[in-house]
Amino acid sequence: MESLILLLTIFALAIFVGFEIITKVPPTLHTPLMSGSNAISGISITGALLSVHSDSTLLITLLGCFAIFFATINVVGGFLVTNRMLAMFKRKG
């Protein structure tokens, strides 16, 4: 029970810190930071694949599948936004 409270406290602090960091980013830097976010989501996909592949409980397997799904959405969306941003700088011709 103590470890659950500790983990929930760390999770709540991570949400707070993440929110504070993201809200302080100027709009001109937001899209380049999306590319860095894609790399982090790629690491999340790798970890989720490892958790799904391991011999574990049904709950861990389901959470790993959800993590793969949502991290993949984040990666694809990030690449689409980055591609759209880069297309704005191409010369029309």
Side-chain angles (χ1 to χ4, degrees):
M1 187 64 165
E2 293 174 9
S3 64
L4 177 64
I5 293 172
L6 176 67
L7 290 174
L8 288 175
T9 304
I10 292 171
F11 183 66
L13 288 173
I15 290 172
F16 176 73
V17 170
F19 179 77
E20 288 298 316
I21 289 172
I22 294 299
T23 56
K24 303 296 188 258
V25 173
T28 55
L29 292 178
H30 186 265
T31 304
L33 289 176
M34 287 289 291
S35 298
S37 173
N38 288 337
I40 294 170
S41 291
I43 294 169
S44 299
I45 291 173
T46 304
L49 284 171
L50 289 174
S51 71
V52 168
H53 180 69
S54 68
D55 294 329
S56 55
T57 65
L58 179 63
L59 177 64
I60 293 174
T61 304
L62 287 175
L63 289 175
C65 289
F66 285 134
I68 291 169
F69 178 73
F70 288 118
T72 303
I73 289 173
N74 194 18
V75 168
V76 171
F79 279 121
L80 290 174
V81 168
T82 303
N83 188 28
R84 186 173 178 188
M85 180 204 64
L86 293 174
M88 292 181 353
F89 294 104
K90 288 185 181 176
R91 292 186 181 177
K92 297 182 174 65

Subject >> Closest non-hydrogen atom pair, I60 against S51 >> reply: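 Shortest heavy-atom separation between I60 and S51 comes out as CG2-O, 4.2 Å.
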Subject >> Minimal non-hydrogen separation, S44 against A71, with atom names >> reply: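 Result for this residue pair: CB-CB, 4.3 Å.
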Original post:
Side chains of N74 and F70: closer than 4.5 Å at any heavy-atom pair?
Top reply: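 The answer is no, as the side chains (C-beta and beyond) never meet within the 4.5 Å cut-off.
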Under a single-linkage definition using a 4.5 Å side-chain heavy-atom cutoff for Ile, Leu, Val, Met, Phe, Trp and Tyr, are [X] and [Y] assigned to the same hydrophobic cluster?
X: I68; Y: V75; result: yes
X: M1; Y: L6; result: no
X: F66; Y: L49; result: no

Original post:
Could you state the interatomic distance from CD1 (I15) to CD1 (I10), rounded to the nearest 0.5 Å?
Top reply: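 Between atom CD1 of I15 and atom CD1 of I10 there are 12.5 Å.
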Original post:
Who passes side chain to side chain donor-acceptor pair (under 3.5 Å) against E20, sequence neighbours left out?
Top reply: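 Per chain and number, E20 pairs via side chain to side chain donor-acceptor pair (under 3.5 Å) with K24.
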